[in-house]
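Below you'll find the structure, written out as structure tokens, and then a few comments.
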Number of protein chains: 2
Amino acid sequence: MKATDNTGQNQSAHAIFTRYLHSKKMRKTPERFAILDRVAATDEHFSIEDFYDGIESKGFHVSRATVYNTIQLLVDCGLVRCHRFGNSSSKYEFVEAGTSHHHLICTKCGRIREVKDPDIAKVLKAKRYSTFNTSYFSLYVYGICSRCSRKARTQKANLK
Amino acid sequence: MKATDNTGQNQSAHAIFTRYLHSKKMRKTPERFAILDRVAATDEHFSIEDFYDGIESKGFHVSRATVYNTIQLLVDCGLVRCHRFGNSSSKYEFVEAGTSHHHLICTKCGRIREVKDPDIAKVLKAKRYSTFNTSYFSLYVYGICSRCSRKARTQKANLK
DNA sequence: TTTACTGCAAATATTTTGCAATATC
DNA sequence: GATATTGCAAAATATTTGCAGTAAA
């Protein structure tokens, strides 16, 4: 399981979620916390379907509707981010407090690479947009990945 | 109709698309250019459905499948960008050559605001990622828009 | 005890695909 | 003339919704 400390305040994801649910007068159900636990234990991007299959295989049953609902709550309270790459289904990731990364997306093969980029993160964090209360950023860099570049070079060479 | 000059080379969108189709040995059909023309004449984000209805109402008939295919070609050759905001359908926009903007997305009401931000654009353009051949960026800034902030303040005040 | 939440299944929305007819090259 | 592209409809995929039963507060 990953660490879930939050910006030095040492609040666990559980505590954040509990506080969020409380503030919205929503119920603290076992399904919601089971889903949070499993999300927090997942290092990769996952789709709802991935997640649904995964949690079933661990012997815990929740309906798809509850997965959709709960993941959305986690997005709303900032514990999870949603990405919609290419034309595939929504992908989610647990937010490791205090960290940040961007995504390099290959427009040829669709492969996603994560990059930590403190320089850009710093510039973005310093940015203020008038009358807009920023909470976070998503930066997507589109281009051709090394594998596809290599493939293209090889094909070109073979044509000669 | 908007100007379609490209990075000082004065290539029209038509010329770019023609060149692209030629390079891929694809056919230059009237449907493809009619779709490009209408895309280039549209200032806002549009969904495939919006676009389909719009082009029908102008008396030009193309099938949905052709709209999907052709818009994807335009994305592939860089004349159009695709955004997938929130959980709505894909939104597209014509790329005005040489310009750039980011998107502020309200996590409460879903409203999208475009902002030109030359500073950030400059920083991003200067960025190089090893073994990745960048073609463009998309930056999404999430937060609460002024309207929603105001609404929240008013509600709080009324509770007192 | 009240009613928010859950599971299930059906409905909706969006996008993709197969195939016969057509038009580009 | 060969075959890429089109239109149409059906299929596939992803997500939302309605409702009756269950459980948190």
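Basis for what follows: all heavy atoms, side chains included, without hydrogens, waters or symmetry-related copies. So that the names make sense, note that chain A is the first sequence line, chain B the second, and so on, each numbered from 1.
Heavy-atom distances under 4.0 Å link DNA chain C to A:Met26, A:Arg27, A:Thr29 of residues 21-29 of chain A, given in residue order. DNA chain D lies under 4.0 Å from at least one heavy atom of each of the following residues of residues 58-74 of chain B: B:His61, B:Val62, B:Ser63, B:Ala65, B:Thr66.
Note: A:His61 NE2 to A:Glu31 CD = 9.0 Å, rounded to the nearest 0.5 Å. The OG1 atom of A:Thr131 sits 12.5 Å away from the CD1 atom of B:Ile144 when rounded to the nearest 0.5 Å. Summarising the geometry, atom CG belonging to A:Asp37 is positioned 8.5 Å from atom CD1 belonging to A:Ile55; distances are rounded to the nearest 0.5 Å.
For the salt bridge (charged side-chain N to carboxylate O under 4.0 Å, His left out) condition, the pairs that include at least one residue of residues 64-73 of chain B, sequence neighbours left out, are B:Glu49-B:Arg64.
Using modelled atom types, no side-chain atom of B:Thr99 and backbone atom of B:Val95 make a donor-acceptor pair closer than 3.5 Å.
Under the side-chain hydrogen bond (donor to acceptor under 3.5 Å, both in side chains) criterion, B:Ser47 pairs with B:Asp50, not counting sequence neighbours. Under the salt bridge (charged side-chain N to carboxylate O under 4.0 Å, His left out) criterion, A:Lys58 pairs with no residue at all, not counting sequence neighbours. Evaluation of the ring-ring contact (aromatic ring centres under 6.0 Å, His included) rule for B:Tyr142 yields A:Tyr136 as partners, not counting sequence neighbours. Residues satisfying the ring-ring contact (aromatic ring centres under 6.0 Å, His included) criterion with B:Phe51, sequence neighbours excluded, are B:Phe46. Every ring-ring contact (aromatic ring centres under 6.0 Å, His included) that A:Phe17 has, sequence neighbours left out, goes to A:Phe33.
Looking at heavy-atom distances under 4.0 Å, B:Ser90 makes contact with sugar-phosphate atoms alone, never a base.
A nucleotide of DNA chain C counts as in contact with chain A when one of its atoms lies under 4.0 Å from a heavy atom; the first and last such, 5' to 3', are C:dT3 to C:dT16.
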Donor-acceptor contacts, no H, no angles, side chain residues 65-82 of chain B, under 3.5 Å, sequence neighbours left out:
{"from": "B:Thr66", "atom 1": "OG1", "to": "B:Ser63", "atom 2": "OG", "distance (Å)": "3.0"}
{"from": "B:Asn69", "atom 1": "ND2", "to": "B:Ala65", "atom 2": "O", "distance (Å)": "3.3"}
{"from": "B:Thr70", "atom 1": "OG1", "to": "B:Thr66", "atom 2": "O", "distance (Å)": "2.8"}
{"from": "B:Gln72", "atom 1": "NE2", "to": "B:Asp76", "atom 2": "OD1", "distance (Å)": "2.9"}

Indicate every side-chain donor-acceptor pair of residues 86-94 of chain B with a distance under 3.5 Å to a residue at least two apart or in another chain.
{"from": "B:Ser88", "atom 1": "OG", "to": "B:Phe85", "atom 2": "O", "distance (Å)": "3.0"}
{"from": "B:Ser89", "atom 1": "OG", "to": "B:Lys91", "atom 2": "NZ", "distance (Å)": "3.3"}
{"from": "B:Lys91", "atom 1": "NZ", "to": "B:Ser89", "atom 2": "O", "distance (Å)": "3.0"}
{"from": "B:Glu93", "atom 1": "OE1", "to": "B:His45", "atom 2": "NE2", "distance (Å)": "2.8"}
{"from": "B:Glu93", "atom 1": "OE1", "to": "B:His101", "atom 2": "NE2", "distance (Å)": "3.3"}
{"from": "B:Glu93", "atom 1": "OE2", "to": "B:His83", "atom 2": "NE2", "distance (Å)": "3.0"}
{"from": "B:Glu93", "atom 1": "OE2", "to": "B:His101", "atom 2": "NE2", "distance (Å)": "3.2"}

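Applying the 4.0 Å criterion to OP1 and OP2 of D:dT6, one finds that B:Arg32 has a side-chain N or O inside that range.
Side chains of A:Arg19 and A:Ser23 form no contact here, defined as non-hydrogen atoms less than 4.5 Å apart.
Rounded to 10°, the angle separating the first-five-pair axis and the last-five-pair axis of the helix from C:dT1-D:dA25 to C:dC25-D:dG1 equals 40°.
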